[in-house]
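To start, the structure under review is shown below, and the notes come after it.
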Amino acid sequence: MPELPEVETVRRGLAPTMVGERIESVEQRRANLRLPFPEDFAARLTGRRVLSLGRRAKYLLAGLEGGETLIMHLGMSGSFRIEAGEAAAPGAFHHPRGKLAAHDHVVFVFSHARIVYNDPRRFGFMALHRTDSLAESAHLAKLGLEPLGDAFTAEALADALKGAATPLKAALLDQSRIAGLGNIYVCEALHRARLSPVTPAGDLVRANGAPTASAKLLTASIRSVLEEAVEAGGSTLRDHRQADGALGYFQHRFAVYDREGHACPRKGCGGTIGRIVQGARSTFFCGDCQKP
DNA sequence: AGTTGCACCTGGCTGC
DNA sequence: TGCAGCCAGGTGCAAC
């Protein structure tokens, strides 16, 4: 499920259960996901209180007591589920000990609940980095603009696209330019901005480095589609659920993603959604209203 | 240096 | 029914 809106939805779902609580134990059930777990992973988490749960692009960042931050990425198929404990007596809780499922790779045990990380394809990964130099972590250091942040302006986007010969679709998927968009929301944002996915990205920048009108429209489109998706609880595809089991609803509002052959929903357009392949990934767009 | 292509995995769907 | 082939929300790294 996870592009920025889905990760933000996960963050909001997990925060009430994690923040302020102490990790009593961690069960790491295999040596690696896509990347190896950090050395002494469970030991470095055990006994630590979770001070904060943040997000950068598609990364979840759990700030821990003791000076380290747990960095988590869900890859393509990662998800968390919360299993709440039952009150055994006033003020005394026990965590559930139910069976784990296939692809449950990590269990974080708290006094009142456990949080289970499940990831069939194992494209996700977890890392630890010192909190005081978190931005220097190899995973975070190269990330580009945060599209829901204050610094995401048309000028900043123009700077990120300046001189790029690569197609807009590929440029917006490049996390070192702008970080957090994936295949779905790039397609949706380009449709909102009426921009062709094959336009050279650098065409949105004037010779003096200033953003074109298209760049301004694209900036607003990226922000609005992400904000609306977060508001809707993200998109739920292929049975993925939020941490609390709830479903996201934004998938019902896709204008183009996975809608090949359907009518373009833009008023007065009358075009049909098509699919092309760019960089071995599907791009959905309307050839009638999305122009260079 | 900027881009492209492949590798990493499992599961679900389609078509024979 | 079985099975092969294709496709899927992402990223890191090697090779041009």
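Residue numbers begin at 1 in each chain, while the letters A, B, ... track the order of the sequences. Computed from heavy atoms alone, side chains included, the values below leave out hydrogens, waters and symmetry copies.
Counting to the nearest Å, the C1' atom of B:dT10 and the CG atom of A:L33 are 14 Å from each other. We find that CG of A:D258 is positioned 13 Å from C1' of B:dG12, with the value rounded to whole Å. As a whole-Å value, the separation of A:K162 NZ from B:dA1 C1' is 15 Å. The CG-P distance, from A:L161 to B:dG2, rounds to 13 Å in whole Å. A:N118 places its CG atom 10 Å from the P atom of B:dG11, with the value rounded to the nearest Å. If you take NE2 of A:H103 and C1' of B:dG11, they are 8 Å apart, rounded to a whole angstrom.
Residues A:V50 and A:F108 form no side-chain contact, since every pair of their non-hydrogen atoms from C-beta on lies 4.5 Å or further apart. Between A:R275 and A:S282 there is a side-chain heavy-atom pair separated by less than 4.5 Å. Residues A:V225 and A:F250 form a side-chain contact, since some pair of their non-hydrogen atoms from C-beta on lies under 4.5 Å apart.
Ring geometry for A:Y249 versus A:H252: interplanar angle of 30 to 60°, hence tilted.
Pair assignment for C:dC16: B:dG2, on the basis of Watson-Crick or G-U wobble contacts that are both within less than 3.5 Å. Base pairing annotation: C:dG9 forms no Watson-Crick or G-U wobble pair, as no partner gives both donor-acceptor distances under 3.5 Å.
The distance from atom CZ of A:R194 to atom SG of A:C289, rounded to the nearest 0.5 Å, is 6.5 Å.
Applying the side chain to side chain donor-acceptor pair (under 3.5 Å) test to A:R281 and every residue at least two apart in sequence or in another chain returns nothing. The side chain to side chain donor-acceptor pair (under 3.5 Å) search around A:E228 returns A:R192, A:R253, not counting sequence neighbours. Qualifying side-chain contact (heavy atoms from CB on, under 4.5 Å) partners for A:F123, counting only residues two or more places apart in sequence or in other chains: A:R34, A:M76, A:R121.
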Problem set entry | Under 4.0 Å protein heavy-atom contact, by nucleotide of nucleotides 10-16 of chain C - B base, S sugar-phosphate only | BBS----
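A:A164 comes within contact range of the sugar-phosphate backbone alone, with a heavy-atom separation under 4.0 Å but no base atom that close. Counting any heavy atom pair closer than 4.0 Å across all strands shown, A:A165 reaches sugar-phosphate atoms only and no base atom.
In terms of phosphate contacts, A:R122 brings no side-chain nitrogen or oxygen within less than 4.0 Å of OP1 or OP2 of B:dA7. Between A:T166 and B:dT4, a side-chain N or O to OP1/OP2 separation shorter than 4.0 Å is present. Look at A:Y185 and you won't find any side-chain N or O under 4.0 angstrom from OP1 or OP2 of C:dG9.
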Could you pull out the protein-nucleic contacts involving nucleotides 4-7 of chain C (nitrogen or oxygen on both sides, under 3.5 Å)?
none

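A pairwise comparison of heavy atoms in A:Q290 and A:L195 identifies NE2-O, 2.8 Å as the closest pair.
Hydrophobic side-chain contacts under 4.5 Å tie A:F125 into a cluster, directly or through other members, with A:L35, A:Y59, A:L61, A:I71, A:L134, A:L140, A:L143.
Nucleotides B:dT3 and C:dG9 have their P atoms positioned 23 Å apart, rounded to a whole Å. Nucleotides C:dC6 and B:dC6 place their P atoms 14 Å apart, quoted to the nearest Å.
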